[in-house]
Amino acid sequence: MIFSNMVLIPQCKSRVILFLWLLGIIALLNGSAVEARIRRYKWEVKYEYKSPDCLKKLVITINGRTPGPTITAQQNDTIIVELTNSLLTENVAIHWHGIRQIGTPWFDGTEGVTQCPILPGTTFKYQFVVDRAGTYLYHAHYGMQREAGLYGSIIVGLPDGNSEPFTYDYDRNIILNDWYHKSTYEQAAGLSAIPFQWVGEPQSLLIHGRGKFNCSTLTTPSLDAGICNATNPDCEPFRLIAVPGKTYRLRISSLTALSALSFQIEGHNMTVVEADGHYVEPFVVQNLFLYSGETYSVLVKADQDPTRNYWITSNIVGRSAPNTPPGLGVFVYYPNHPRRSPPTTPPPPPLWNNTNPRLAQSHAIKARQGYIHTPPSRSDRVIVFLNTQNTINGNVRWSVNNVSFALPHTPYLIALKENLTHVFDQNPPPDGYDFQNYDIRIVQENRNATSSNGVYRLNFNSTVDIILQNANSMSLDTSETHPWHLHGHDFWVLGYGEGKFDMFNDPKKYNLVNPIMKNTVPVHPYGWTALRFRADNPGAWAFHCHIESHFYMGMGVVFAEGIDKVGKLPSSIMGCGETQGLYGP
């Protein structure tokens, strides 16, 4: 309302002032007195030589940094990112991991699903609302670029005047990662080759972009004598300065390309309070297990001997990786010198092949009392996804219900909205597998699978159950942990189990009282995980294993829902496949 041109006669002036005062009070009560902000960012994405683990290689940076800049906002703010692709010979797209993109499905940032890629030399504008407080991520979603360094954090705070159900003195952010020396192109070529060439275990583990590779282990002499330099400041250990007696909220995230991790701070307990943007009924751990795509907040009190410093470590679990050194950082008690090493050796990691503590942590994560979003009591549809490793025409692939996913040339969102039915397979993928006869604990005699780019069409506003069923891979006695991430939604985690899911008895054990809501969840070796979500966000949404090589090899699906309710698509997402010329600028 604008009153600048009003002329008030004396007898009305006091009444108008009172009226305006009442309007202000009403606005405060409605929470609308503080308007949501617009947060603008200008990013340049390009290759630069960096040495995050002491070995120099080309990495993808944002404004010269990896990890990239942290986006900091408040709930209901609008984020605008103008991204210039300066990779010269390479496309790019960025996914806003955990942001549901309500009303803006075209800015989810998933190349081939919601947009065409951003071409070299061009600038693309992402614009979306962060509708919920919490800890989130962003990362490349084109090819396998994420593991080349293109990632960062999104931290969303509560609106002014609101408080969280826990207290702390300082807020810190840590992204965990694994690191390969081969380029993503070399890895992709090996994964697509006949015979198959696996990417292997990572060379290093990074704690917020810093690790330490042992340069003396280089097997091939380098033409550049300085290519691996243990004194390079790029690979100085990550250090967190702590004031004795203070409590720290650590927002710990994983964006590994392959590895499941354990994280610990020597001698300190961690209280888990948030997972993927939702408050957790607090529980205490000494090792926090993280899977790629997950975010947690833990509270740590600096309550140990303040005369020394302590190790921060990350270690690989779920895989045998004897040649990958632990990620090391230092929890520095002020005013000790930051470069003073702890007087101890780093604490030993959990046994890599002991699934019991990892499964126990999964079971322990429940919604916090007072912040429970009760799930629907039953679902309208149940889809079981059997995770298997297969071959197609000699290529090794990952599959879901014996179907390996392949992206079409025309993004799904555009094809569905414009009714371009010929650009992807119109036959829906299967909702299940041969439950009775399939043995999940053996290597299958028939390892052949098929490839498809069909989608699962979900009735709008329906409730969908997803059962992730793990199985043996093509290697004897091997079942890998797979972290699955759903775009555009959060889901309720109804339960975990070991062995084959029993469709008659296991649903009776579902947690319908206080299940946590998440966007990323693991399915453990030879086990199952049950999820429930509402198909209430119009768009086309990827659901896939968050391990880079596994999704590249076909471990994913796409859900389509409420397409008729999707608004007019922006022309900026066009330009590939059959989208050229659909809309003018």
Side-chain angles (χ1 to χ4, degrees), residues 50-61 66-68 97 137-141 143-153 173-188 190-191 197-215 217 228 234-235 237-238 252-264 287-296 312-329 346 349-350 352-353 358 480-483 485 520 522 544-553 555:
K50 298 283 184 182
S51 305
D53 71 343
C54 303
L55 186 136
K56 184 168 69 174
K57 63 167 284 189
L58 279 174
V59 305
I60 302 179
T61 64
T66 178
H97 183 114
L137 299 162
Y138 66 82
H139 58 78
H141 219 298
M144 295 167 63
Q145 286 178 338
R146 187 182 85 220
E147 64 175 273
L150 185 45
Y151 63 88
S153 293
N173 180 41
I174 301 172
I175 303 178
L176 306 178
N177 217 335
D178 48 13
W179 194 248
Y180 287 86
H181 292 164
K182 283 187 176 181
S183 71
T184 58
Y185 288 109
E186 291 175 284
Q187 293 183 51
L191 295 174
Q197 298 173 35
W198 175 233
V199 298
E201 303 304 317
Q203 278 68 60
S204 302
L205 296 179
L206 306 184
I207 298 180
H208 213 68
R210 295 172 177 270
K212 184 74 72 172
F213 176 71
N214 185 352
C215 296
T217 63
C228 196
D234 278 2
C235 59
F238 171 80
I252 306 169
S253 309
S254 172
L255 276 175
T256 51
L258 174 66
S259 312
L261 298 176
S262 71
F263 174 89
Q264 59 182 315
N287 283 285
L288 179 69
F289 297 105
L290 298 100
Y291 307 92
S292 182
E294 288 192 312
T295 69
Y296 289 96
I312 300 172
T313 64
S314 66
N315 288 274
I316 293 176
V317 293
R319 307 182 62 88
S320 177
N323 296 322
T324 304
L328 293 178
W352 71 267
N353 57 353
R358 292 187 277 137
E480 300 188 22
T481 302
H482 300 288
H485 171 59
T520 305
H544 61 93
C545 179
H546 213 256
I547 293 173
E548 283 277 65
S549 52
H550 289 187
F551 185 43
Y552 179 83
M553 295 165 66
M555 200 173 197

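Because only heavy atoms are used, hydrogens play no part in the values below, and waters and symmetry mates are left out as well, while side chains stay in.
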Original post:
What orientation do H544 and H141 show, parallel under 30°, tilted 30 to 60°, or perpendicular over 60°?
Top reply: perpendicular

Subject >> Polar side-chain atom of S292 near backbone of T256 as donor-acceptor pair, under 3.5 Å >> reply: yes

Original post:
Does one side chain, of Q187 or E147, offer a donor that lies under 3.5 Å from an acceptor on the other?
Top reply: yes

Original post:
Looking only at heavy atoms, which two atoms of G200 and Y180 are closest? And how far apart?
Top reply: O-OH, 2.9 Å

Original post:
Which atoms form the tightest heavy-atom contact between S254 and L290, and what is the distance?
Top reply: CB-CB, 3.9 Å

**OP:** Apply the side-chain contact (heavy atoms from CB on, under 4.5 Å) test between H546 and each candidate in M555, H97, E294; give the one that qualifies.
**Re:** H97

Original post:
Taking the six-membered ring for Trp, are H550 and W198 parallel (under 30°), tilted (30 to 60°) or perpendicular (over 60°)?
Top reply: tilted

**OP:** Mind listing the closest non-hydrogen atom pair of N173 and S153 along with its distance?
**Re:** ND2-OG, 2.8 Å

**OP:** Report yes if the side chains of P483 and I547 come closer than 4.5 Å at any heavy-atom pair, otherwise no.
**Re:** yes

Original post:
Going by atom types only, do R358 and T481 share a side-chain donor-acceptor pair under 3.5 Å?
Top reply: yes

Original post:
Quick one: does N315's side chain have a donor or acceptor within less than 3.5 Å of a partner on P349's backbone?
Top reply: no

**OP:** Carefully, step by step, assess C54 and C215 under the rule disulfide (SG to SG under 2.5 Å).
**Re:** CA-CA 8 Å; C54 303; C215 296; 5.4 Å; no

